[in-house]
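First up is the structure itself, then whatever we jot down about it.
Sequence lines set the chain letters: A, B, ... in the order given, protein chains first and strands last, and positions in each chain run from 1.
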Amino acid sequence: MDLIANIGLGFSVAITPVNILFCFVGVLLGTLIGVLPGIGAVATMSMLLPVTFHLPPATSLIMLAGIYYGAQYGGSTTAILVKLPGEASSVATVLDGYAMAQKGRAGAALSIAALASFVAGTVATLLIAVAGPLMAQLALKFGPAEYFSLMVLGLVASVILASGSLAKAIIMILAGAFLGLVGPDANSPMPRLTFGVPALAEGVNFVALAVGFFGISEIILNLEKDMQRVAPVAMRDLFPNREEIRRSVGPTLRGTLIGSVLGVLPGGGALLASFGAYAIEKKLSDTPERFGQGAPEGVAAPEAANNAGAQTSFVPLLTLGVPSNAIMAVMAGAMTIQGIAPSPKVMVEHAQLFWGMIASMWVGNLLLVVLNLPLVGLWVKLLQVPYRILYPAILFFCCIGVYSINNSAFDVYVAVGFGVVGYLLIKLGFEPTPLLLGFILAPMMEENLKRAMILSGGSLEPFVTRPISAFLLLATVAMLLLMALPSFKRTRETALNAD
Amino acid sequence: MGRLINSEVASGLLVVAFGVLGLSAIGSLEIGTANDMGPGYLPRLVAWALVLAGLTMTGLAVFRAHPPVPDLHWRPLFAISAAVLFFGASIDRYGMVIAVVGMTLLAGLASPISRWRETPLIAGCLAAGAVLVFIVGLKLAIPIWPR
């Protein structure tokens with residue numbers, strides 16, 4: 001059977017010593033930044049892009065992916081122990097995880113989180129292996145019109161997830177799109193929008209943009225706040241009791257399913273998945289009043305969902321070549337650095353890379369359980385490193401990361417500029433995530449739009465007459481209508497601004 | 001007057017400024033037609049959308065109550081920017097050690113949480129680590145000392 005042969009191929013790539021080592025490095029780094037507040041996966045992955053240039057393609061993607069799902073694990077550790085969601089996707093875990101910890105069940109909460117994530121990771125890995133080839137089949141039917149419509153859907157979906165005002169999220173997409181269009185234009189020899197700066201001829205550097213907006217501006221913001229340390233809760237035993245296990249099984253499986261589905265959707269990923277799963281468990285429960293008071297269901301469901309969602313969000317990138325969120329935009333950047341254009345051909349032409357990465361996710365999840373359960377004390381100690389010692393180091397990684405892509409001081413200046421602009425924008429309530437997605441998608445959208453328009457002789461008709469494209473646009477319109485509903489607006493605000 | 005400029009008005013004006021900056025970058029790039037788009041077609045569309053969105057935002061916000069413009073904290077903003085700029089400006093000519101030490105010292109000015117006795121220590125450790133990992137280990141083509 002193909003499936004088994006493919007997974008076998010995957011493991012033959014993932015279990016080489018080098019790849020296990022870098023998978024380990026990735027999940028270790030991911031856990032680290034997940035635990036440490038004030039630095040996120042997007043910034044870390046961007047900073048490390050230049051380093052990955054020296055690695056083989058599969059190895060570098062395995063490491064970067066490890067950072068992403070490792071950060072989900074680390075984020076949940078701090079969410080449970082100190083009520084600090086290290087990553088946005090752990091916000092839902094805080095509610096019941098911290099409540100459990102206060103009741104003396106911190107160890108149990110951590111175990112449930114780790115085991116639910118592991119189960120979810122295993123199932124999601126299998127799902128990707130099954131769904132990937134199907135998606136690739138579908139991708140064969142995609143022409144420029146379909147691609148364009150899919151990306152429109154992705155951009156609109158990402159708006160829903162941005163916290164804060166919808167209008168501001170849309171503006172950030174536009175701003176990102178404009179920056180993405182700087183530099184080369186497919187059909188004419190002259191670089192455009194560069195103000196005559198030769199260093200911009202190849203476009204705005206992605207790493208400089210991401211590090212500026214997510215690294216430098218974040219440091220400035222953290223320094224103006226009082227970064228307070230919260231004393232972690234003491235842990236007694238690590239193992240959940242029978243009752244807690246019984247209560248966690250159903251939510252884990254449902255969370256996995258919800259996470260897997262929401263992860264594949266454009267604009268999806270870990271964040272949407274964790275909130276969705278938490279809300280559904282609360283709805284299904286006979287005793288919804290226990291939620292927020294330390295219900296194991298409220299830890300298992302979002303943790304399973306965010307891990308499953310984190311993994312299945314790779315599907316659109318690997319099968320259609322379209323990144324669906326900011327993290328995947330960074331992954332797309334990493335593939336481009338390695339000379340692999342994200343496209344439906346990846347699965348066929350780089351089968352080893354594709355299946356190796358999928359298998360490595362399972363390996364990585366296993367490593368994470370080992371890293372997180374016995375070593376949790378170590379991570380808690382790390383939390384006590386004061387920010388005044390941490391931030392110069394983070395700033396250094398920002399600098400060296402940006403500089404070493406092209407050994408270009410200009411890129412460093414660009415990062416400073418984006419850092420300052422990013423600081424202003426965040427202060428004014430703009431969220432930077434949609435900007436990154438707009439930046440990555442705009443050049444792809446322009447290319448597909450141009451092609452579609454040439455094919456149709458300047459008519460917009462194919463976008464609505466071709467069935468897949470019409471469906472995608474319809475979904476986009478439905479989503480816009482949904483966003484306009486007052487009740488949806490309220491739910492979204494409470495979900496995303498939950499403390 | 002202070003009442004008129006609230007955070008939403010400021011946001012709107014900032015967006016208009018982005019749009020105008022964008023339009024000035026486009027200059028006279030060819031627009032082309034819908035079935036043969038020139039390099040200026042989409043950028044112009046996006047830049048005008050920014051200008052219009054910014055104007056709408058400003059217009060709607062002027063007559064409504066919104067939170068005031070948030071206070072900017074100039075100290076971390078300047079110190080962190082200066083630190084990174086110093087790194088960029090010095091690394092090619094003066095090498096990793098000076099760039100990292102200078103960067104750390106400048107960054108130490110960003111916040112009262114830094115301690116003046118600790119900062120040189122952090123700078124030294126970072127510089128040593130940077131040389132070991134990035135120049136000895138990863139063999140990046142960056143000089144260690146001034147050349």
Side-chain angles (χ1 to χ4, degrees), chain A residues 51 54 167-168 170-171 174-175 177-178 181-182 185 187-188 190 192-195 216 219-221 223-224 227 386-389 391-393 395-396 398-400 403-404 407 409-413 415-416 419-420 423-425 427-430 442 445-446 449-450 453-454 456-460, chain B residues 7 10-11 14-15 18 22 24-26 29-30 33-43 46-47 49-50 53-54 57 69-70 72-73 75-77 79-81 83-85 87-89 91-92 99-100 103-104 107-108 110-111 113-115 118-119 122-123 126 130 134 138 140-142:
Chain A
V51 178
H54 304 275
K168 286 181 175 172
I170 294 170
I171 287 171
L174 289 172
F178 192 87
L181 295 174
V182 172
D185 165 47
N187 305 337
S188 59
M190 290 292 288
R192 57 183 168 170
L193 316 174
T194 59
F195 287 110
I216 296 175
I219 294 176
I220 301 173
L221 283 164
L223 284 174
E224 68 174 52
M227 291 281 282
Y387 196 64
R388 63 169 198 276
I389 296 178
Y391 84 85
L395 194 64
F396 163 70
C398 289
C399 291
I400 191 78
Y403 174 78
S404 58
N407 276 16
F410 180 80
D411 285 343
V412 178
Y413 304 146
V416 177
V420 173
Y423 170 76
L424 288 179
L425 286 171
K427 286 292 270 189
L428 287 170
F430 291 86
M445 287 174 86
E446 187 190 31
L449 181 65
K450 276 183 180 169
M453 294 305 255
I454 291 171
S456 72
S459 152
L460 287 169
Chain B
S7 67
S11 305
L14 191 64
V15 174
F18 287 156
S24 71
I26 295 167
L29 272 181
E30 209 181 309
T33 56
N35 61 351
D36 183 21
M37 294 181 189
Y41 193 97
L42 216 54
V46 174
L50 278 172
M57 200 170 197
V69 178
L72 298 181
H73 293 238
R75 185 173 162 183
L77 186 62
I80 296 294
S81 306
V84 181
L85 285 175
F87 182 91
I91 185 138
D92 280 331
V100 171
M103 184 212 80
T104 317
S111 156
I113 60 172
S114 296
R115 299 182 183 171
E118 261 175 20
T119 307
I122 299 175
L126 268 183
F134 290 93
L138 290 169
L140 297 189
I142 299 172

Of the listed residues ([options]), which shares the most heavy-atom pairs with chain B below a 4.5 Å separation?
options: A:V420, A:T194, A:L460, A:L174; result: A:L174
options: A:V51, A:L395, A:I170; result: A:L395
options: A:C399, A:A409, A:G458; result: A:C399
options: A:A442, A:P392, A:A415; result: A:P392

Could you measure the distance from the [atom1] atom of [X] to the [atom2] atom of [Y]? Nearest 0.5 Å is fine.
X: B:L126; Y: A:I400; atom1: CG; atom2: CD1; result: 11.0 Å
X: A:I216; Y: B:L77; atom1: CD1; atom2: CG; result: 11.0 Å
X: B:M37; Y: A:E446; atom1: CE; atom2: CD; result: 8.5 Å
X: A:R388; Y: B:T119; atom1: CZ; atom2: OG1; result: 9.0 Å

Chain A heavy atoms under 4.5 Å from [X]: which part of the residue, side chain, backbone, both or neither?
X: B:L42; answer: both
X: B:L29; answer: side chain
X: B:I26; answer: both
X: B:V84; answer: both
X: B:A130; answer: both

Closest-packed option against chain A by number of heavy-atom pairs under 4.5 Å, given B:Y41, B:F18, B:F134 | B:F134

Select, from B:L14, B:I122, B:I80, the one with the greatest count of heavy-atom pairs under 4.5 Å involving chain A.
-> B:I80

Mind checking whether B:L140 and A:Y403 have side chains closer than 4.5 Å, heavy atoms only?
-> no

Which portion of [X] sits near chain B, non-hydrogen atoms under 4.5 angstrom:
X: A:Y391; answer: side chain
X: A:Y423; answer: side chain
X: A:F396; answer: both

